[in-house]
Amino acid sequence: MPNDTPTLSITGIHAGYGAVPVLKDVAITVERGSVVTLVGVNGAGKSTLIKVIGGLVRPSAGTIHFNGADCTRRRPDEMVRAGLGIVPEGRRLFGEMSLRENLELGAYARTDRHAIAEDFERVLTLFPELRSRLSTPAGSFSGGQQQMVAIARALMGAPKLLLLDEPTIGLAPVVVDRVAALIGEISALGVDILLVEQNAEVALSIADYGYVLETGRVVMADRANVLLENPQVKQAYLGV
Amino acid sequence: MDNKRKTVLHWGLGGGAAILLSLVLTDPYLRSVLTLMAISALLAASLRFVMLMGELNFALAAFAGLGAYAAGYMNTALSVPFVLALPLAGLFTAVASALFGAITLRAKGPYFLLIGFTFTEAVRVVYSKIPALGGTSGMIGIYPPLSLDDWMAGIVVATSVILLLGLFAAERSDFGRILLAIRENENVARSVGVNTYLCKVIAMSCACFVAGVAGGLHAFVNTVISPGDFSYLLAAFALAYVKVGGENYFLGPIVGAVVLVALSHYAIGLGGSEHFLYGGAIIVAVLLMPSGILGAFGKVGPRSVETKVRAARHAV
Amino acid sequence: MKIQLKSTAAIVALSSLVAPAAMAEETIKLGLSVPLSGAAAVWGKGAEFMCETAADEIREDGGISVGGETYNFACLPYDNKYNAAEGTKVAQALLNREGVRYIGGSLGTAPVKALQSLAERQGVLVFTVAWGASLKGTDHPMTFTQMNTPGEILPVLLRYVAERHPDAKSVAMLNPNDATGQETEALASKVWTKNNVDVLTSDFYERGTTEFQPIAARLASMNPAMIDLGATPPADAGAIFKELDVLGWDGVKIVEVGTGADGLKATGGAAADGVYMGAGVTFDGDTVTDHQKAVNTRAKERIGESLNAVQIGFYDSLYALKAAMEKADSIEPEAVADSLPRVTFRTFYGGEIGFYGTNIYGRDQQMRLPIIVTQVRDGQLEEVARLIP
Amino acid sequence: MQHVIQLGATALQIGAVYILFSLGLTLIFGVMRIVNFVHGHIFAIAALVVASLLPRLVEGGFAAPTAYVLASLAGIGAALGLGALIYFFGFRHFQRDLVGSFILSIGFVLMLDGVLLSLFGGSVRGVPEIFPGTLSVAGAQITMQRLFLCAVAFLMAAILYWALAHTKLGKALRAVAYDHEAAMMVGVPYGRIAFLGFLIASFLAALAGALLAPVTIVSPVIGTDYLIKGFIAVIIGGLGSVPGAILGSFFVACIETVGGYYLDSSYASIAIFTLVIVVLLFWPKGVLGRG
C-alpha cells in the first residue's frame, strides 16, 4: 500500500477513574497490515486502554491518531464510523436479542444497505455454524459461540482495525485454537488487529508485534517472536 | 491519635456551640427555625447513613411519620412522659423499619427507592383511616411537660447532636466500612463472608431509629401532626439537604439542612412562588455544585472516607 | 412582576426583624394561613383576593377609627400547603416573625390546628373557615368561624331536599378522606336518618384521585334514589356525576358543601344539572347586587373562577374585625374578641349580621351567615332557598 | 354478570391511560437508568394547554374535532419542548446517576409546580366533549370519548411494541437498555438515542394528557396521581420492561376498579400499595424484570 501512516498510533496517554490513575504515558502503534498484541496481567490497565481508544473513557493527556486523523476526543460512535471495531471483554452481547439483531446492530453506524447485506453473508461464511440459529437469543449460546458472535458483530461494522479484548478468556483449548485461527483469517481479509490478552503465549504466537503492559505502563515492546524468547516475559507470562 | 483528638475537639466545639446558641436565643421565631434545622439535619443524616451502603431510603418520610405518631400516641393516649416517649418512638420505628427492610432490601437501587416512595404514600392513607390517630385532621395536644417548654430548643439541638455523634461513630466503625464495601461491590463483600443482607437491615434500622426520634421531636415541637406532614416531599427535601450540603461529607446534610431551611423560611413569605424558589435552588445546586456546598468550598471539617470512585465521565 | 413585588415584601418583612419599631404604626397586619400551592391553591388565592378587596374598601372608606387614630388592614397570605407541619411554620412566621396579632382567615383543619395551638398561647385572635369541631367551643375563646359549617348547612339543606323529593327514600354518600369529609359524613348520615332517608353506603376516596369510574360504578350499583357527595370538591363531584350519567343513573344529586358551579360544570358538563349545593354562591339573577357582581368579575380575572363561600369568609372577617375594634375602641386582641359577639357588620352577602352559636358551641363564635340552597339549572347556578338562622 | 363486564370495561379504560404513562417511565429508565419524577408534569402541561386552548379555539369558530386536534398538537408540542429543555439542561448530565438525576427531577418538579400554577392558575378547567355519545357493550356503558382514548392508547402501545422490535431506532433503544457500553462500542450514538428515547417517552405522556383532557379534571396537580400509579405499574412489571409496564398497568387498574367497587376507594389505594409489597416479596425486580 502506498499509504504508510500507521492505522493506530497513540502517544503519551494518561487516563484513570476519578483520582485513581490507571494508564501512565502509554504509547502504542499498530502498523498497516499487522497484528499487534498487548499482554499484561489482570489490572494492568488493558481494558481501560481499549476504552480510551474506543472513546468510552476520556484520556487526561495524550493523543490518539486513527488512520492518520486526530481522534483523541471522538465519541465512541464516531470512532466506529471511522473504522474501529471492538470485541469487548466478556463479549457483551445483547443477550435478549436474537443473533440476527446482534449482527444488525453491529452495522448500526453504516447506511449502505447493499454492502451490509454482503458483509452479512461474508460473516456467516466465516462462522457457518451460526447460520441456522439466526433467530436464537444471543444469551443462550455457549461461551465459545458467544465469542464468535461478538467477533462477527464487530466485523459487521466493516472495521479497518479490530480491537479484541481477552477473546480467549474462559474458553476451552480447542476453542482458543479456533479463535487464534480466526484472527489470522480476519487479518488476511485486510483488517488490522490489536489483540489484548492475558494469555501471552497464544497472543504472541499469532501477533507480529507485541507490547507488555504492567501497572499502567508499557514496559516492553518488540517483535512478537522476540518477546516470546525474552526470558523476563517467559518467566512472568508464559509460566516457564 | 492526633486525628482522633482533633475530631473530638471539632465535635465538642460544633455541638457545644449549637447547644449554646439554642439556649441563648430568646427570640421564639429564631428558636423555631433552629429546632427545625436540627430536626431536618437529623433526617438528612439518617438518609445519608443508608446512602453509605448505596441505597436511597425514600421511606424516610414514612418512618419519620411513624416516629411522630408513635410519640404522639404514647404521649396523648397513654400518658407516657416525654423523656420516655422519645426513645420509645425511636425504638418502635427501628423495629418497624427492620421489618420493612427485611422484605424490601432484597430489592435494590431504583426498586428500593420506589417502594419507599409508595410505602410513604400508603402509610399516609392508613393514618387517615385510624380515628385514634386523629384521622386526616391530625393529632393535637402533643405537649412536652410545661417545665421543659422554655428548654425545648436546647433539648432538640442536644438530642440531635448526640444522635449525629452516634451516626458519625457508626460510620467510622468497622460496621461503617462494611457498608461502604457493600456499596462498592456487594458480591465481593459477600464473598469474604459478610452477611450483607443482615448488615443492610441493621443499617436501615439504625438510620430509622434516628428518623423516628426526629419524628418524635417534630411532634413535640409542633404539638400538632397530620398525615400530610409526612408526604414523600419530606424525603425529597432531606435528599436535597444531603445533596446541596455535599453527600461525601458527614457534615454535608447538616450544612444543607441549615442553608435550605433558612432559605425556605425566607421563601415562605413568597406564597405560591415558594416552590419555584426551592426547586430552583436545588437545580442550581445540583447542576453547578455536584459535590455540594462543602465540595465547592473545600474540605471543611471531618471528611468522610472518600468512597465514591466515580467512573470517569463517559464521553456521551 | 408579582414575584418581585412579593420578594420585596418579604425582604421588608425580614428586615423588620432587625428593626421591629420601624413599621408604620397605623397598619394592622392580618395573617392568612391558606394553601397557595397544590390542589387547593385556588381557594387560597381567592381568599387572598377577598382579604385585599375588603382591606382596600375599608381604606377608601376612611379606615378604622380607634382612640382617635386611623388604622388600616394589610393582608399577609402565607402558604400552609394544607398540612400541620407547614401550618406550624406559617404560624411561627406570622406570629413570631411578623408579629401578627390577628389571623384574618385560615383554611385547612390540620394547619389551622397547628396555628391555633400557637395562637392561643400568644393571645392572637383567629378567624377560620375550617370545620373541625375540635377547633370550636369554649376552650377556644379567641377563635371565630367565618363561614357556615356542616352544623349550620346540613340540617337546612337536607330537610329542604327531602321535602322537595318525598319519594326519594335512599341515599348513597361519598366524601373525600380528609377532615372536612369525615366531619361532614358523620353529621350528614345522622341528618338523613332523621329525615327518614335510608343511608345505603357511605364511602371515602383519596383527594387527588383522577379516575372516578370505579367509584361511580360502586355508587350506581346500590341504585340509590339520591347521591350525596358531601364535601367532595366541585370538580371531582362533576366528574363523578358525569360517570354516573354514563352508567345510566338518574336521581337526586347533592353536593352538601359544594361551593361553586364552575368546577362542577367544567368536569360534569350537562351531568351537573340538577345538583343541589349548600355552600354555593350565585352571581346570576336579580338579587345579586352590583357590588357583588363587580367583585366577582375581578375575582374571575384574577383566579379564573367565580367566588365561593370559603373565599367570601375572608372578606366578612375584616368588616367584623373593624366593627369590633371600633366598638371596643381598642386594637388589643382580647378586647376585640370580647366585643366581637356583640357587634353587627355588613356581610358580602348583603345585610347586617352578627355572631351566634351559644346553644351549639357554648359561645357566640359563628357568623350568622345566610344558608343558601342553590341548584344547577340549565347550566346556571340558581338560588332556590335562603334561610337566615 | 353485567357489573363484571362493566368493571372489566372500566379497568381496560383506566389501564389504557396507565399504559401510556408507564411506557414512558419504563423507556426512560431503560435507556438512561434514571427515575424521572418530571414525567407527571410533562403529562400535565399537555393536558393544561389543551384545556386552555380548546375552548378559545371553539369560540374562535373552529369545529370541535378540528379545534381538539389543533389544541392537542399545541399541547404535545409544548410538552415536547419542556421535555427537550429538561433533557438538555438537566438529565443529559446525569445519565445513569440514579441519585443525582432523582434529586434533579425533584428540583424540576418543585419548580414546575410553581410555574404551572402561575401560568395556568389553580382553577379546574372544563373541556367540551369532543366525541359525544356512549356505547353500550353487553350492558356495559362506555363513552365514545373514552373509547377513542382506549383505541389510541392501545394503538400507540402496539406501535411502540412493533417499533422496538423492528426498526433500527427500536433496536438501538433496546441495545442501549440492555448494555449501553456495548451499544456504544458497536457505534450506537448513545447521547442521541437517549435523547430520542426521552422524547418518545415525553410524547407518550403528552399524548395521554391530550387524550385525557376532555374526560377528566385538568389542574396543575393532575400529574401526581398518575405518577404514583405509573411507578407502581413499572415496579410490578419490572423497570425497563415494556411488556412489564403493560402488565403492571392492567394490574393496578384492576385492583383500583375491583377494590373501588367492593371496598371503598381509599381502601383500594391501600390495597394497591400492599400488593406491590407482596409482588416484590416474590419478584424483587418485578414480575418481568431481568434477574
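A note on names: the letters A, B, ... follow the listed sequences, proteins ahead of strands, and every chain is numbered from 1.
Ring geometry for D:Phe43 versus D:Phe21: interplanar angle over 60°, hence perpendicular rather than tilted (30 to 60°). Classified by interplanar angle (parallel below 30°, tilted 30° to 60°, perpendicular above 60°), the ring pair D:Tyr87/D:Phe198 is tilted.
Between A:Lys46 and A:Glu89 there is no salt bridge, since no side-chain N of the basic residue sits under 4.0 Å from a carboxylate O of the acidic one. A salt bridge links D:Glu181 with A:Lys51: at least one charged nitrogen is closer than 4.0 Å to a carboxylate oxygen.
Geometrically, A:Arg153 engages A:Phe94 in a cation-pi contact defined by less than 6.0 Å to the ring centre and at most 45° from the axis.
A distance-only check finds no donor-acceptor pair linking the side chain of D:Thr26 to the backbone of D:Ser22 [under 3.5 Å].
Scanning residues 103-124 of chain A against chain D with a 4.5 Å non-hydrogen threshold yields A:Glu104, A:Leu105, A:Gly106, A:Tyr108, A:Ala109, A:Arg110, sorted by number.
For D:Ala172, the parts lying near chain A are the backbone and the side chain together; criterion is any non-hydrogen pair under 4.5 Å. Within the 4.5 angstrom heavy-atom criterion, only backbone atoms of A:Leu93 (N, CA, C, O) approach chain D.
A ring-centre distance under 6.0 Å is not found for D:Phe102 and D:Phe94.
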